[in-house]
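Lettering of chains follows the sequences in order, A, B, ..., and the numbering in each one begins at 1. We use all heavy atoms of the structure for the numbers below, so side chains are in, but hydrogens, waters and symmetry mates are not.
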Protein chains: 2
Amino acid sequence: MFQAVADPVRRSMIERLADHGEATAGELSELAAQRFGIRQPTASKHLKVLREAGVVTSSVDAQRRVYRLEPGPLDDLAGWAARQTRFWTGRLDALERHLDAETAETAEITDPATTDEGTSS
Amino acid sequence: MFQAVADPVRRSMIERLADHGEATAGELSELAAQRFGIRQPTASKHLKVLREAGVVTSSVDAQRRVYRLEPGPLDDLAGWAARQTRFWTGRLDALERHLDAETAETAEITDPATTDEGTSS
DNA sequence: TCCGTACTTTGCCACAGAGCTATATAGCTG
DNA sequence: CAGCTATATAGCTCTGTGGCAAAGTACGGA
């Protein structure tokens, strides 16, 4: 998943699918061609990566492959990223309030080693 | 940013910083050693990547480098990922409501704009 | 002043993966 | 059936990056 999203070509494809709901392999390939100058087989390979990561699903329509975004993995990604900062900003927020109410004069290093002060509302 | 988060070692470091608020290079290095069996210079390289991506900042405390998470980039990542699915689920949600009631009485975000996909190819 | 500690930097190797061309597969269409 | 369209796969090259050991830098303490 993280790997799937690491490439700008694939992100561009994801964004396109997010905007248009769905697109054929050809449309996505042409988009990639315009924006990144890559050839069709390369685009196809990127689609394979997205498929195997579960970010997109494809259905067959005659010779066409219609791709569609799968929200699960992207929501997981969003959740993970948000979680990393929520802990932190929660702490900082609590700390800031604490500093504001008590004293606005402490070092920038808050000594997390000995005491756990996370439960302060 | 996306690159910074693409590596499991680096994600592990981020998670550690998210939990503990901050950590020295040595602590992060040892964590990576335990979990991934990598050596200290390799861990240092990963920290460099995180630093240059703006995901972490470091301050000097004698010989120690204290690392701390920078919420901005991670929030951006979370925002991007969430945005990709919000379009989509919004559309799907609207469609579901439409199928459910068909009267289209809910005039909130239930505006599918113009018929976007009639003239495909 | 010299040593040990804590990291970073450097130089190297190996492998993953992104790009290409050429080819295969599948399904319409004439 | 031939041939065109749409997409995937195969096979190859080349760059990027993760890994290591060894050397460099910076600082505190005996």
Side-chain angles (χ1 to χ4, degrees), chain A residues 1-17 20 22-69 107 109 112-113, chain B residues 1-17 20 22-69 117 119-121:
Chain A
M1 173 63 218
F2 290 93
Q3 273 302 319
V5 141
D7 189 278
V9 174
R10 291 194 290 265
R11 281 199 303 276
S12 163
M13 287 169 162
I14 289 172
E15 285 165 1
R16 165 69 184 258
L17 289 172
H20 285 59
E22 58 184 39
T24 66
E27 290 168 337
L28 294 167
S29 175
E30 197 177 335
L31 170 72
Q34 290 178 311
R35 307 243 299 223
F36 300 97
I38 67 176
R39 306 284 172 184
Q40 180 267 321
T42 306
S44 184
K45 221 189 217 174
H46 281 298
L47 286 172
K48 187 180 188 178
V49 174
L50 290 174
R51 232 185 297 128
E52 288 175 345
V55 183
V56 302
T57 52
S58 68
S59 46
V60 179
D61 171 33
Q63 316 115 330
R64 314 231 162 120
R65 255 75 167 182
V66 179
Y67 283 86
R68 172 181 315 106
L69 215 53
I109 296 181
Chain B
M1 174 60 218
F2 290 93
Q3 272 304 316
V5 142
D7 190 278
V9 175
R10 290 195 290 264
R11 281 200 301 276
S12 162
M13 289 169 161
I14 289 172
E15 284 165 0
R16 164 70 184 256
L17 289 172
H20 286 59
E22 58 184 40
T24 67
E27 289 167 336
L28 294 168
S29 175
E30 196 177 335
L31 169 72
Q34 290 178 311
R35 307 243 298 225
F36 301 96
I38 67 176
R39 306 286 170 180
Q40 181 267 322
T42 306
S44 184
K45 221 190 214 175
H46 281 298
L47 286 172
K48 187 180 187 178
V49 173
L50 290 174
R51 233 184 298 128
E52 288 173 346
V55 182
V56 303
T57 51
S58 68
S59 47
V60 180
D61 171 34
Q63 316 114 329
R64 313 233 162 119
R65 256 74 167 181
V66 179
Y67 282 86
R68 173 183 313 111
L69 214 54
E117 50 184 14
T119 57
S120 61
S121 73

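- Nearest-nucleotide positions on DNA chain C place A:Gln3 closer to the 5' end than the other of A:Gln3 and A:Ala62.
- No side-chain heavy atom of A:Met13 sits under 4.5 Å from any side-chain heavy atom of A:Val56.
- With distances taken from any side-chain atom of B:Thr24 to the nucleotides C:dA18, D:dA22, C:dC7, the minimum falls on C:dC7.
- When distances are taken from the side chain of A:Arg39 to each of D:dT9, C:dT21, D:dA21, the shortest belongs to C:dT21.
- Here A:Tyr67 lies in heavy-atom contact (under 4.0 Å) with sugar-phosphate atoms only.
- Rounded to whole Å, atom P of C:dA6 lies 14 Å from atom CG of B:Leu28.
- At least one donor-acceptor pair closer than 3.5 Å links the side chain of B:Arg10 to the backbone N or O of B:Gln3.
- Here D:dT7 presents its C1' atom at 13 Å from NZ of A:Lys48, a figure rounded to the nearest Å.
- The side chain of A:Pro41 lies closest to D:dT9, out of D:dT9, D:dA21, D:dG19.
- Positionally, the nearest nucleotide of DNA chain C for A:Arg10 lies more toward the 5' end than for the other of A:Arg10 and A:Arg65.
- With hydrogens and angles left out, the side chain of A:Lys45 and the base of C:dG17 share no donor-acceptor pair within 3.5 Å.
- Residue A:Gln63 places its side chain closer to D:dA6 than to any other of D:dA8, D:dA6, D:dG18.
- A donor-acceptor contact under 3.5 Å is formed by the side chain of A:Gln40 with the base of D:dA8.
- Side-chain atoms of B:Val9 lie closest to D:dG19 of the nucleotides D:dG19, D:dG28, C:dC7.
- Summarising the geometry, the separation between CD on B:Glu27 and P on C:dA6 is reported as 11 Å, rounded to the nearest angstrom.
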- [ ] Using the side chain to side chain contact (heavy atoms under 4.5 Å, CB included) rule, take B:Glu27 and B:Arg16 through it: C-alpha gap first, then chi angles, then the decisive distance, then the call.
- [x] CA-CA 10 Å; B:Glu27 289 167 336; B:Arg16 164 70 184 256; 4.0 Å; yes
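- The side chain of A:Arg64 contributes an N or O atom lying less than 4.0 Å from OP1 or OP2 of D:dA6.
- Rounded to an integer number of Å, the gap from CZ of B:Phe36 to P of D:dG18 is 13 Å.
- Scanning both residues, A:His46 and A:Ile38, for their nearest heavy atoms gives CD2-CD1, 4.1 Å.
- One finds a side-chain N or O of B:His46 lying less than 4.0 angstrom from the OP1 or OP2 phosphate oxygen of D:dG19.
- Following rounding to the nearest Å, B:Arg11 (CZ) and D:dG18 (C1') show an atom-to-atom distance of 14 Å.
- Counting only heavy atoms from C-beta outward, the side chains of B:Arg65 and B:Leu47 never approach each other to under 4.5 Å.
- For the pair B:Ile38 CD1 and D:dT17 P, the interatomic distance rounds to 17 Å; values are reported in whole Å.
- Comparing C:dA18, D:dC20, C:dG19 by their nearest atom to the side chain of B:Thr42 picks out D:dC20.
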